[in-house]
Each structure stands twice: as C-alpha cells, then as structure tokens.
Amino acid sequence: MENFIEKLKKLFSVTNVVHTKEKQVFLTVEAEKLPLLLTHLRDYENFTHFAFLTAVDWKEEEKFQLTYMLHNYNSNSDIGIRVFLDRQAPEMVSIHHLWKQVSTYQRELYEMFGIQFPGSPEVEEPMILEGWQEIPPMRREFDTKKYSEETYFPRSGRTTHDPKKHMKKKLYPEWNPILNENEDV
C-alpha cells in the first residue's frame, strides 16, 4: 500500500494520508485534482465501486469537507478521498459521469448543505425538503431546536417526561419515584 500512496503523492500531490485500518486509507487532495484522481483510481487502480459521498461542516474553519469513498474488490481495500471547499461559496465539480449514482449524493448534499455541483443532473430539484425555505438544515448554524419549537406546537394530551426518570421506570418498574425521591436518578 505504501508504494501505491507514494505514486498518488507524486501524480496528484495528495496530503494528510491516514491509515485507519490495514486495507483502508484516507487522503486529501486539492479540489481541482479530484476528477483526475478519481478517474485514475477507477481506471488504473481498480477502485471500481463508488461507495458513498458525504460532507462535514467545519464551521469554525469556514470549510466543508467532502469525502468520496471507493472500494477495490480485487484487493478488498477502501480509499477515502477528502476535499475541502470554501464554506462561503461551496462548489465542486460534478463527477456523475464517472458513476451514475453520484448524482443522487450530490443532490442530497446540495439540499442539506447548499453545496453546488454545476452540471449534475437534477441537482436543484427537491429530494426530501420540498418547499423548504430555511437555510440548509445540515449547516451547523441551523438551529434544530428553535425550528422545531416554532414549527411544531404543543398538542393537548401530550406529556413530557424527564428522560432519566422515564427510562429508569421502564427499565426498573419496581422503582418508585415517590418513595425514592431523594435518590439520584
């Protein structure tokens, strides 16, 4: 695996190589080099299975991290390619031409994080959040609790339980909160 990584370093200037398991490695590449690297991995290194594409919001660093995960069936190994995007104008080249299913992931990341993938099929069509008017919900500044409180009103007949006491009662039905009220929950 070390010769393979050295080759990728020379060809694509990959950095931050992290071996997480014996046959799993993550590395970082500049966004401009991603399509060439993925094409090389698919066509020359036999990483033919596109497993997934995901994003992480690094709000404090003003970046989004995209991770493209590929699998090589011959060597039973995985490689994760990380790319960092500017959070203020997140845009990444679409690679849907390499694997058809990538367009679904790109569509989801557009909807949930607001990351643009120009040229990706139906990327701006609603997938889950039809009619959504708020900021993308997976961005860290989106306040889930505030949104829930403003959107979903209390309904009559509903009760709220202290989670610790509720679970203790479910797990230990003989426990009596009235007899043991001074006891730590």
Side-chain angles (χ1 to χ4, degrees), residues 8 11-18 20-21 23-74 76-152:
L8 295 181
L11 291 173
F12 303 100
S13 307
V14 300
T15 59
N16 301 330
V17 177
V18 178
T20 53
K21 295 179 184 175
K23 292 187 174 190
Q24 184 179 63
V25 65
F26 286 85
L27 50 89
T28 304
V29 69
E30 293 175 14
E32 305 80 44
K33 295 182 181 182
L34 178 80
L36 287 175
L37 174 57
L38 292 176
T39 303
H40 175 82
L41 289 170
R42 184 192 68 178
D43 296 349
Y44 297 103
E45 304 294 345
N46 215 23
F47 284 89
T48 56
H49 178 75
F50 181 85
F52 62 84
L53 167 60
T54 189
V56 177
D57 184 356
W58 296 104
K59 185 179 176 192
E60 294 78 9
E61 288 82 22
E62 286 294 319
K63 299 210 178 290
F64 282 119
Q65 172 188 320
L66 297 180
T67 302
Y68 296 76
M69 190 62 126
L70 307 178
H71 181 75
N72 180 326
Y73 286 106
N74 292 343
N76 196 27
S77 56
D78 299 305
I79 187 166
I81 313 297
R82 295 178 304 233
V83 174
F84 290 90
L85 306 176
D86 178 16
R87 198 171 182 279
Q88 297 305 314
E91 185 174 294
M92 186 63 212
V93 172
S94 175
I95 59 150
H96 69 276
H97 61 285
L98 297 175
W99 292 278
K100 270 187 143 350
Q101 70 270 30
V102 171
S103 62
T104 302
Y105 290 99
Q106 292 175 160
R107 192 172 165 194
E108 178 185 29
L109 294 181
Y110 171 75
E111 189 168 78
M112 295 302 197
F113 290 91
I115 300 170
Q116 299 283 334
F117 294 93
S120 186
E122 301 175 340
V123 73
E124 294 183 11
E125 293 293 318
M127 189 170 173
I128 304 166
L129 304 175
E130 191 172 320
W132 185 258
Q133 299 300 315
E134 303 289 326
I135 63 172
M138 292 302 287
R139 284 186 174 238
R140 289 196 26 224
E141 65 266 23
F142 179 74
D143 188 340
T144 309
K145 186 174 187 298
K146 180 180 178 232
Y147 177 80
S148 295
E149 288 170 349
E150 292 173 353
T151 306
Y152 307 107

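Heavy-atom basis, side chains included; hydrogens, waters and symmetry copies ignored.
Counting heavy atoms from C-beta outward, Val14 and Thr28 have side chains that stay 4.5 Å or more apart. Side-chain contact between Gln106 and Ser94: present, with at least one pair of heavy atoms (C-beta onward) separated by less than 4.5 Å. Side-chain atoms of Trp132 and Pro137, non-hydrogen and from C-beta on, do get closer than 4.5 Å to each other. Side-chain contact between Glu60 and Arg140: present, with at least one pair of heavy atoms (C-beta onward) separated by less than 4.5 Å. Between Leu66 and Leu53 there is a side-chain heavy-atom pair separated by less than 4.5 Å. Here the side chains of Thr20 and Val18 are in contact, with some heavy-atom distance below 4.5 Å. In this structure, Val56 and Thr67 have side chains that are not in contact, with every pair of non-hydrogen atoms separated by 4.5 Å or more. Ile79 has its side chain within reach of Leu8: a pair of non-hydrogen atoms, C-beta onward, lies under 4.5 Å apart.
Atom CE of Met112 is separated from atom CE of Met127 by 8.0 Å, given to the nearest 0.5 angstrom. Rounding to the nearest 0.5 Å places CD of Glu32 at 5.5 Å from CD of Glu30. Distance CG/Asp78 to CE/Met69: 5.0 Å, rounded to 0.5 Å. Between the CD atom of Glu45 and the CG atom of Asp43 there is a distance of 10.5 Å, given to the nearest 0.5 Å. A distance of 11.5 Å separates OG in Ser13 from CG in Leu27, rounded to the nearest 0.5 Å. One finds the CH2 atom of Trp99 at 14.5 Å from the OG1 atom of Thr104 (value rounded to the nearest 0.5 Å).
Using the six-membered ring where Trp is involved, Tyr68 and Phe50 have ring planes that are perpendicular, over 60° apart on the 30 and 60° scheme. By the 30° and 60° cut-offs, the orientation of the rings of Phe142 relative to Tyr147 is tilted.
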Q: Could you go through the side chain to side chain contact (heavy atoms under 4.5 Å, CB included) check for His49 and Leu70 one step at a time?
A: CA-CA 6 Å; His49 178 75; Leu70 307 178; over 6 Å; no
Q: Dump the intermediate steps for side chain to side chain contact (heavy atoms under 4.5 Å, CB included) on Glu141 and Lys59, then the final yes or no.
A: CA-CA 8 Å; Glu141 65 266 23; Lys59 185 179 176 192; 3.7 Å; yes
Q: Kindly determine whether Arg82 and Asn16 satisfy side chain to side chain contact (heavy atoms under 4.5 Å, CB included), including the steps that lead there.
A: CA-CA 9 Å; Arg82 295 178 304 233; Asn16 301 330; 3.5 Å; yes
Q. Can Tyr110 and Ile115 be said to form a side chain to side chain contact (heavy atoms under 4.5 Å, CB included), step by step?
A. CA-CA 5 Å; Tyr110 171 75; Ile115 300 170; 5.8 Å; no
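Between the side chain of Thr151 and the backbone N or O of Ser148 there is no donor-acceptor pair closer than 3.5 Å.
Between His71 and Phe47, a ring centre-to-centre spacing not shorter than 6.0 Å is recorded. Taking the six-membered ring for Trp, Phe113 and Phe64 have ring centres closer than 6.0 Å.
Annotation for Asn76 and Lys23: closest pair O-CD, 3.5 Å, computed over non-hydrogen atoms. Here the shortest heavy-atom pairing between Glu111 and Pro136 reads O-CB, 3.7 Å. Across Leu98 and Pro35, no two heavy atoms sit closer than the pair CD1-O, 4.3 Å. Nearest heavy atoms, Val29 versus Lys33: CG2-CB, 3.7 Å.
Open room surrounds CE on Met138; 12 or fewer heavy atoms of other groups in view lie less than 6.0 Å from it. The neighbour count for Trp58 CH2, taken as heavy atoms of other residues, nucleotides or ligands under 6.0 Å away, does not exceed 12. Within a 6.0 Å sphere centred on CD of Glu130, heavy atoms belonging to other residues, nucleotides or ligands number 12 at most.
In summary, Asp57 and Arg87 engage in a salt bridge, as defined by a charged side-chain N under 4.0 Å from a carboxylate O. Using a 4.0 Å cut-off between charged side-chain N and carboxylate O, Glu124 and Arg107 make no salt bridge.
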